[in-house]
Each structure stands twice: as C-alpha cells, then as structure tokens.
2 protein chains.
Amino acid sequence: MSTDAPVGRRERLRAATVDEIKAVALRLLVEEGPEAATLRAIAREMGMTAPGLYRYFPSHEDLHKALVADSYDRLAAVLAAARDGAGQVLATEARMAGKPLVVVQLVCAAKAFRDWAAAHPQEFRLVFGTPVPSVTHNLDDPAHAAGMRFGAVFTEIFVRLWAELPFPVAPEESLPEALASQLRDYRTSLVDLFGEAAGDVPLTAIDVFLRAWVQLYGLVAMDVFNHLHFCLTDAGPFFETSLAALGRDLGIEYVPVH
Amino acid sequence: MSTDAPVGRRERLRAATVDEIKAVALRLLVEEGPEAATLRAIAREMGMTAPGLYRYFPSHEDLHKALVADSYDRLAAVLAAARDGAGQVLATEARMAGKPLVVVQLVCAAKAFRDWAAAHPQEFRLVFGTPVPSVTHNLDDPAHAAGMRFGAVFTEIFVRLWAELPFPVAPEESLPEALASQLRDYRTSLVDLFGEAAGDVPLTAIDVFLRAWVQLYGLVAMDVFNHLHFCLTDAGPFFETSLAALGRDLGIEYVPVH
DNA sequence: TCGCAGGAGTTAACAGTGTTTGCTTACGGC
DNA sequence: GCCGTAAGCAAACACTGTTAACTCCTGCGA
C-alpha cells in the first residue's frame, strides 16, 4: 500500500504519485474495462504523459501486478472486517443465539467474499481470473505475498474452527500418500503462521477444508465469469444452499446471515 | 467446424481457408501464448497479409469466438468419447465389476474433463477463463451454443443417473422459492433436451448436481490457473479425493479409473 | 545561502496492434 | 469467352507499450 515513514519530502511526493497512479489505473480498469487502463490514458487523466509513468513503474505489467496486490489486500481487509463483525451479528441476530462465534465468523467471511466479488467484479477478475501469461508464482512477487495474506484470513478461522469444534473425519491413512505428503508440507507452513494449534489438524480435515475453499471459489468465479448463466439468472439463493452444504461438510449448521 | 455440403468449388476453397485460419490461430495461441495469435502473425504464417483475413472474419474478436466454439466442441467430443468408452472400462477393469454403467460413465467423463484441461491448458483458459470484455451471452452466439452442447454431455449422464440410481434428497419445499423457480425453468429446458425423464428429477437433486459441477469446475480451474499453488504442487491426488467426496454427494461409490 | 546532482517530466521515435480504404488480379459461373 | 465478384494486397490511421535524449526544477549537502 503506502511506504512506511518516508523520510524526506521527495519520497513523500513520490509515494503520493505512486498512489495516484494506482488509483487512476484502478478506476479506469473498473469503470471502463481492463483494456482501457492504458499507460497513455492513465497519464492523460493525471495531466502528464505516458513515459513519465516509467519513473514509477518499470513496465505496464508491473503496475498491473501492483494493482493485483492492492486488490488482494483490500479484499483481505474486507474479510477480516467481516470476521471481526461476527460478534456483533451473534449478539443482535436472534436466530444466531448460541452459535459458536467461530462458526459465525466463517459464515460472515464466506458471505463477505461473495459480496465483495459481486460488488467488485472487475477486481475479482483482476485477482482470481486467468493469470498473466504463464504466471511464474515467484515467492518474492508482492502479488503472491498479498495472496497469502488473503488466504490466511480463511485458514486462520479454519484452524480455530478445528480447535474448538472438530468434526469427524476419516483417518489420515485413508489418503493417498502422494496427497498426504503435500498436505503435510502445507500443514507445516500453517504451523509457522498460526502456531502449534495448526499442527493438530488432521490431514483429512485439511483435505475437507481445501475442498470447501474450492467450492467457494468455484461458485463465486462461475458467477462473476458468467459460467452459471446456462442454468441460473441469480446465483444468490444458490449460494445459500451451497453454504449450507458446505457447512454440513465441515460439521457445522449453517444459519443465513442478513 | 466445417460447413455442410458446399455446392461450388469457391465455397469449398473458402471453407478450407477458414479452417486453416482457425488452425493456425489455435496453434499460435497454444504454442506461443494468447497474445501471440495476432492477425499479422496468423496471416504471415499462411503466406498472406492481415487485411486479407477480414474476408473470412469480421474482426479479431469474432475469430476468437470461433476458436472458443471449436474448443468447446472438441472438449464435448472428448467427453462423449470417454463416456462411450466406459463400457469397455467396466468390462476390463476388475474392481469395476458390478458397477452401474452410468456411474462409470460419470467418473470417466469427469476424469476426461480434468485430463483435457491438464493437456490443453491454453484451450481451457480460452473457454473457461475470464470471458471477453463483459461478455453478453447472446443466445445466437455460436460459442454459447457450443457451450450448451458441452454441458449437455454431463447433464445427460446426470439425468440418466437419477433415473437409474436416485439418491436421497431433501424435499423440494426446503429450497428457497427464489432458487426453486430458477431450477424449475432449468429443468424445463432439460426436458426439451432429454425428454420426459428429466421432468422427474427433483429440484433438490438438480441443486446437488449443480454443486457437483461447480466443484469440478472450481477444482480444474484453480489447478490450471495456478490458484492451488499455495498448498499443492500436484493437484492430481487431490482430484481423486474430491471425486470421491463428489460421489458421496451423488450417492454413488467412487472407484478410481486408470 | 548557494550550487548542483539527480529526479521528474517532456518530445520524438520505434515496433507492434486491430482496422479501413482503394486498388488489382484472378477465377468460377453464366 | 466474357464478366462480376471474391481474394488479396499496399498504404494508411489511430492506437498500444517502450526507449532515448533532452530540459527543467528542486530538494539536499556544504
């Protein structure tokens, strides 16, 4: 987002310009479509010329990547806010009475994900659509790091869900070893992020959780990308029944929010 | 694909040129990436110049749409072939003994879908990735019609699955009316395609089936688009456990194929 | 306070894109 | 065999991302 503690006036002005470039680019991308966010259009909007932008971004693609990273971060913030608002929902909505907080948090985050996608389809495409040409998911890519921060919101809730409300799963031995070893590595990275509690989650539970995430992604992506048009005109109610089914897989009872 | 019964020599030559343009464009798109399939590059490859292509396609975007439609049709043909090969699988693979044919057909088709996506990632992007700018899914769009032909392979198997092996579902009344009405319309269109048998499928079963399709799409799309890289390096084994879970939802027992 | 290094921004240009216009050429149907 | 029309081309237009060379200004160090 913004750099930390710019020392001199020069750096401050520079950071402000970087932010303005990204803001204008995002506005063009959202309002006029992805192909409208050309360097010349962005520069024109800012009262300068295209080559000047190269003082701030080494290429158009790098600017694009910065927009992806920022969108990831905004989405992560929205999800975190929804999670943190779950307590309020739990306190005010009558039918929520007695629900475990972590369950309400998961439902709120899932709904916030869909709502964000519906409200910001262009940004959703930007982030979750076809990646740029054969994207080499470099670990030092800022967009990749931002993607991890986004995913952490869901996984953190899930780790807590398992700690508080474990659901019955098959024994780990039932998994093919080729999958088990991958999930073990993934679980190790979760321990680094969320502490020892993550180490207690069985691989089969992670398997179920990943499937839930795939389901959530698939549903929202097909909706935004118009791949559900062949059968549904409004995917909203279908999202409800899908959340309910998803809750059954996770051993929790789904209760509609809002 | 190819026109039906070209009368004169002129039309025959023309159809051959159209096919060559699409073949060259697809080859460039697959081998050099989507942005390499420019009109000039295609024309150069064919020993002609870019404006000449306008005799065959009114715009670059129309050529693109034709490629989408063709890819849909090729995929549909692959799925149909996998379905028709299920009898052979049933006869030769020992552990398949006693399985209902329709179940093997569904599994074969699902696996063929993933295998095709893995073998043709660029074509998968072409068809299932971010659609062209705010795609207006016109009913007269050939790509849309091809998409319906593709979907029909899965839905036909599903209608037959229900007729032969219905699984327990919740009563239709449990669905929110906003969803039920949409599913009713969709079921009516299925009756037009597959006959009266489709009319007997409960709306709740269609709800389950759609969710299965969303799961399948989400899994394959996330794999091709590299959105599973954060947790898996090879999505193959995860696809297996997902197919098993998917089978449970449909009340069938999953048996690995090949 | 002053001088200057270096950052910011410009113009001009290049190679590429999709697309249109006007032209020539060649060939299939009458 | 002629003719009309389809096929294809060269040139041009308005774009795109990107580079090079240049000017100007300004914030910083002495």
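Lettering follows sequence order; numbering is per chain, from 1.
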For nucleotides 6-10 of chain C, print each protein N/O atom paired with a nucleotide N/O atom at under 3.5 Å, atom names and distance only.
residue: dA8(C); atom: OP1; partner: Arg14(A); partner atom: NH1; Å: 3.3
residue: dA8(C); atom: OP2; partner: Arg14(A); partner atom: NH1; Å: 2.9
residue: dA8(C); atom: N7; partner: Arg55(A); partner atom: NE; Å: 3.3
residue: dA8(C); atom: N7; partner: Arg55(A); partner atom: NH2; Å: 3.2
residue: dG9(C); atom: OP2; partner: Tyr56(A); partner atom: OH; Å: 2.5
residue: dG9(C); atom: N7; partner: Arg55(A); partner atom: NE; Å: 3.1
residue: dG9(C); atom: O6; partner: Arg55(A); partner atom: NH2; Å: 2.5
residue: dT10(C); atom: OP2; partner: Thr49(A); partner atom: N; Å: 2.8
residue: dT10(C); atom: OP2; partner: Thr49(A); partner atom: OG1; Å: 2.8

Detail all sub-3.5 Å separations between protein N/O atoms and N/O atoms belonging to nucleotides 13-16 of chain D.
residue: dT16(D); atom: OP1; partner: Thr38(A); partner atom: OG1; Å: 3.1

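Nucleotide dG17(D) holds its C1' atom 12 Å from the CD atom of Glu61(A), rounded to whole Å. The distance from atom CG of Leu13(B) to atom P of dA26(C) is 16 Å, rounded to the nearest whole Å. Separating the CE atom of Met46(B) from the C1' atom of dA7(D) is a distance of 12 Å, rounded to the nearest angstrom. Rounding to whole angstrom units, CZ of residue Arg12(A) and P of dT26(D) are separated by 16 Å. Atom OH in Tyr54(B) sits about 9 Å away from atom C1' in dT20(C), given to the nearest Å.
Using modelled atom types, no side-chain atom of Glu240(B) and backbone atom of Gly236(B) make a donor-acceptor pair closer than 3.5 Å. Proximity of a side-chain donor or acceptor of His60(A) to a complementary backbone N or O of Ala37(A) within less than 3.5 Å is detected. Within the 3.5 Å criterion, the main-chain N or O of Thr233(A) finds a donor-acceptor partner in the side chain of Gln182(B).
Residue pairs meeting the salt bridge (charged side-chain N to carboxylate O under 4.0 Å, His left out) criterion with at least one member in residues 210-222 of chain A, sequence neighbours excluded, are Asp207(A)-Arg211(A). Annotation: salt bridge (charged side-chain N to carboxylate O under 4.0 Å, His left out) contacts involving residues 224-237 of chain B, sequence neighbours excluded, are absent.
Residues satisfying the side-chain contact (heavy atoms from CB on, under 4.5 Å) criterion with Asp62(B), sequence neighbours excluded, are Pro58(B), Ser59(B).
Of the options Phe154(B), Phe158(B), Tyr186(B), a ring pair (Phe, Tyr, Trp, His ring centres under 6.0 Å) to Trp213(B) is made by Phe154(B) and by none of the others.
Electrostatic pairing of Arg27(A) and Glu45(A) counts as a salt bridge here, judged by a charged N lying under 4.0 Å from a carboxylate O.
Across the helix from dT1(C)-dA30(D) to dC30(C)-dG1(D), the helix axis at one end is tilted relative to the axis at the other end by 10° (nearest 10 degrees, each axis from five pairs).
Note: Phe150(A) and Phe230(B) fail the aromatic proximity criterion, with ring centroids not under 6.0 Å apart. Aromatic rings of Phe128(B) and Phe113(B) (six-membered ring for Trp) have centroids within the 6.0 Å cut-off, being under it.
Side-chain atoms of Arg74(A) and His120(A), non-hydrogen and from C-beta on, never get closer than 4.5 Å to each other.
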